[in-house]
Engineer: 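Quick one: structure below, then a few questions.
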Amino acid sequence: MSPDAQKSVSGARATDSARIAKFTKELSGTSVIMEKLRELAWSGVPPYMRPNIWRLLLGYASPNSDRREGALRRKRLEYVDCVSQYYDIPETERSEDEINMLRQIAVDCPRTVPDVAFFQQEQVQKSLERVLYTWAIRHPASGYVQGINDLVTPFMIVFLSEYLQGSMENWLISDLSPEKISDVEADCYWCLSKLLDGMQDHYTFAQPGIQRLVFKLKELVRRIDEPVSRHMEEQGLDFLQFAFRWFNCLLIREIPFCLVTRLWDTYLAEGDSLPDFLVYIAASFLLTWSNMLLKLEFQEMVMFLQHLPTQNWTHHELEMVLSRAFMWHAMFDRSPSHLAS
């Protein structure tokens, strides 16, 4: 690999001074040109710029700088109203379904990203619970589905980074005022809503959107790596046995949490095209281990795919996955029907 190529996959590009200058220029105008911002963000966003850029990419913040602050204030107040209307009420005012949903969320919050100490703080789990319950009540078509709890975590880390300094391992949410915590929750709530608007049938009954992506992944792997595809089929391995979780949690559980926000820069830059592009990311991720998979039998393969050896991954491995996904997408996605279900 050339030094240039190595640099491009090291994660350094997100903090490269020339790239920072491009982001700064893009954000400094009276109106952000979203197409240019997406293009830049795809390869990684400088961490201190992430909160503003993610809000813009999701259409939560206005591209027009004059309207941005006022609109943000209004949305944060709207979230406060929703919490008081749906969450801060006596148990007697909830239906049996709502009580069960709140219980399920309360059980899932302590299990969310269990290997990251920050998420074990009781106040962090309460914030997660408020965001998830309020979202579920206001989105009755799906309600709460396990896996959505994972999707709040990148937003929470990014929006807290505006107020808490240093390493996340040392953050204490109790250092923040209730007002700031409420603002962070509001941003998480609205950004989660925007993200899931583009994937509505991923979390409705029977999760047909995810089933469709798993089917497309199987087809794509067959086209890219026929020997691996044939071996998996001969071993009787169903893609649902591992890929359902990948799509349900957008790979959050499969890679070190410190890499998740970088991965999500690309997700959010994809915008409405994200569900389609997820198939290419998943194929690239799976075929990272193509040589290994060919040597495994059914039971070993299931165990391997459910406990992938990614704990020591750095930005380098993640950038390789994204680069391959980008290349395959360019190769195979010329016709909209190429992977039609």
Side-chain angles (χ1 to χ4, degrees), residues 1 5-14 43-44 111-120 146-147 149-151 153-154 157 167-169 210 213-214 216-218 220-222 224-267 277-329:
M1 225 182 189
Q6 283 176 333
K7 186 184 176 197
S8 77
V9 296
S10 69
R13 57 170 132 182
S43 300
R111 298 173 179 165
T112 306
V113 203
D115 53 341
V116 175
F118 173 76
F119 288 105
Q120 304 319 302
Q146 283 176 299
N149 52 315
D150 290 283
L151 306 188
T153 57
I157 291 303
S167 168
M168 180 180 74
E169 285 84 53
I210 292 180
L213 294 189
V214 173
K216 288 182 178 182
L217 174 62
K218 186 179 178 180
L220 184 60
V221 169
R222 186 176 55 78
I224 293 169
D225 195 328
E226 207 272 334
V228 166
S229 170
R230 190 172 60 246
H231 178 67
M232 291 170 83
E233 203 166 311
E234 284 168 357
Q235 290 299 319
L237 183 70
D238 190 331
F239 274 62
L240 280 169
Q241 288 173 286
F242 61 92
F244 191 91
R245 183 174 88 169
W246 294 6
F247 290 124
N248 194 45
C249 304
L250 299 186
L251 289 177
I252 284 175
R253 295 187 189 178
E254 315 310 320
I255 61 173
F257 192 74
C258 59
L259 301 179
V260 167
T261 48
R262 166 61 196 96
L263 176 60
W264 279 48
D265 291 338
T266 297
Y267 283 177
F277 194 66
L278 278 172
V279 178
Y280 290 89
I281 291 179
S284 178
F285 188 63
L286 173 68
L287 294 174
T288 299
W289 296 280
S290 55
N291 292 339
M292 171 76 81
L293 292 171
L294 287 168
K295 298 170 188 164
L296 301 178
E297 294 182 2
F298 174 79
Q299 197 58 48
E300 299 167 312
M301 206 159 12
V302 172
M303 289 301 291
F304 180 74
L305 289 168
Q306 289 178 352
H307 303 91
L308 289 165
T310 57
Q311 59 273 19
N312 296 320
W313 269 30
T314 63
H315 281 88
H316 174 83
E317 287 83 6
L318 181 60
E319 297 291 350
M320 293 300 285
V321 166
L322 292 173
S323 300
R324 267 197 312 267
F326 182 83
M327 181 183 72
W328 290 339
H329 185 254

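The first residue of the sequence shown is numbered 1, and numbering continues consecutively from there. A quick note: this is a predicted structure, and the numbers were derived from the prediction, not measured.
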Engineer: Between atom CG of Asp225 and atom CH2 of Trp328, what is the distance when rounded to the nearest 0.5 Å?
Structural biologist: 7.5 Å
Engineer: Work out which heavy atom in Leu296 is nearest to a heavy atom in Gln235; give both atom names and the distance.
Structural biologist: O-CG, 4.1 Å
Engineer: Please find the pair of heavy atoms, one from Ile224 and one from Ala283, that lie closest to each other, and give the distance.
Structural biologist: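 Result for this residue pair: CD1-CB, 4.4 Å.
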Engineer: Any donor-acceptor pair under 3.5 Å linking the side chain of His231 with the backbone of Leu293?
Structural biologist: yes
Engineer: Should Arg222 and Glu233 count as an ion pair when the cut-off is N to O under 4.0 Å?
Structural biologist: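 No, no charged N to carboxylate O under 4.0 Å.
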Engineer: Checking side chain to side chain contact (heavy atoms under 4.5 Å, CB included) against Phe242, which of Leu308, Val214, Leu305, Val302 comes through?
Structural biologist: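 Passing option: Leu305.
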Engineer: Output, in order, the C-alpha distance, side-chain angles, deciding distance and verdict of side-chain contact (heavy atoms from CB on, under 4.5 Å) for Thr288 and Arg324.
Structural biologist: CA-CA 10 Å; Thr288 299; Arg324 267 197 312 267; 2.8 Å; yes
Engineer: Could you check whether Phe244 and Phe247 have their ring centres less than 6.0 Å apart?
Structural biologist: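 Centroid separation for Phe247 and Phe244: 6.0 Å or greater.
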Engineer: If I take atom CD1 from residue Ile252 and atom CZ from residue Arg245, how far apart are they, to the nearest 0.5 angstrom?
Structural biologist: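 Between Ile252 CD1 and Arg245 CZ, I get 11.5 Å after rounding to 0.5 Å.
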Engineer: Testing the basics here: between Leu217 and Ala243, what is the closest heavy-atom pair and its distance to 0.1 Å?
Structural biologist: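 Closest pair (atom of Leu217, atom of Ala243, distance): CD2-CB, 3.7 Å.
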Engineer: Output the distance between atom CG (Asp238) and atom CE (Met232), rounded to the nearest 0.5 Å.
Structural biologist: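 Atom-to-atom, Asp238:CG and Met232:CE are 9.5 Å apart.
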Engineer: Could you pull out the closest heavy-atom pair between Asp150 and Pro154, with the gap in Å?
Structural biologist: O-CD, 3.4 Å
Engineer: Looking at Asn248 and Gln146, would you say the former's side chain and the latter's main chain have a donor-acceptor pair under 3.5 Å?
Structural biologist: yes
Engineer: So how far is it from Ile281 CD1 to Leu263 CG, rounded to the nearest 0.5 Å?
Structural biologist: 5.5 Å
Engineer: For salt bridge (Lys or Arg N to Asp or Glu O under 4.0 Å), just list the numbers for Glu300 and Lys295, CA-CA rounded to whole Å, side-chain angles, deciding distance to a tenth of an Å, and then say yes or no.
Structural biologist: CA-CA 9 Å; Glu300 299 167 312; Lys295 298 170 188 164; over 6 Å; no
Engineer: Are any of the side-chain heavy atoms of Phe118 and Glu169 separated by less than 4.5 Å?
Structural biologist: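 Not touching, per the 4.5 Å side-chain cut-off.
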Engineer: Supply the atom-to-atom distance Leu251 CG to Trp264 CH2, rounded to the nearest 0.5 angstrom.
Structural biologist: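 Rounded to the nearest 0.5 Å, the CG-CH2 separation comes out at 10.5 Å.
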Engineer: Check the pair Phe285, Ile255 against side-chain contact (heavy atoms from CB on, under 4.5 Å), reporting the backbone distance first and the verdict last.
Structural biologist: CA-CA 10 Å; Phe285 188 63; Ile255 61 173; 3.8 Å; yes
Engineer: Does the separation of the ring centres of Phe257 and Phe119 fall below 6.0 angstrom?
Structural biologist: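 When the ring centroids of Phe257 and Phe119 are compared, they turn out to be within the sub-6.0 Å range.
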Engineer: Is the backbone of His316 close enough, under 3.5 Å, to the side chain of Glu319 for a donor and an acceptor to pair up by distance?
Structural biologist: no
Engineer: Parallel, tilted or perpendicular: which describes the rings of Trp313 and Trp289, with under 30° parallel and over 60° perpendicular?
Structural biologist: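 The arrangement is parallel - the two ring planes meet at less than 30°.
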Engineer: What's the separation between atom CE in Met168 and atom SG in Cys258, rounded to the nearest 0.5 Å?
Structural biologist: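 One finds 8.0 Å between CE of Met168 and SG of Cys258.
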Engineer: Under 3.5 Å, side chain of Ser284 to main-chain N/O of Tyr280, donor-acceptor pair present?
Structural biologist: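 Absent.
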Engineer: Looking only at non-hydrogen atoms, find the nearest pair between Ser290 and Val228 and report the distance.
Structural biologist: CB-CG2, 3.6 Å
Engineer: Is the number of heavy atoms from other residues, nucleotides or ligands within 6.0 Å of CE (Met327) greater than 12?
Structural biologist: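 Correct, the count exceeds 12.
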Engineer: Kindly determine whether Leu259 and His315 satisfy side-chain contact (heavy atoms from CB on, under 4.5 Å), including the steps that lead there.
Structural biologist: CA-CA 7 Å; Leu259 301 179; His315 281 88; 3.8 Å; yes
Engineer: Between Trp246 and Leu278, does a side-chain contact (heavy atoms from CB on, under 4.5 Å) hold up when you go through it step by step?
Structural biologist: CA-CA 10 Å; Trp246 294 6; Leu278 278 172; over 6 Å; no
Engineer: Are the side chain of Gln306 and the backbone N or O of Gln241 linked by a donor-acceptor pair below 3.5 Å?
Structural biologist: yes
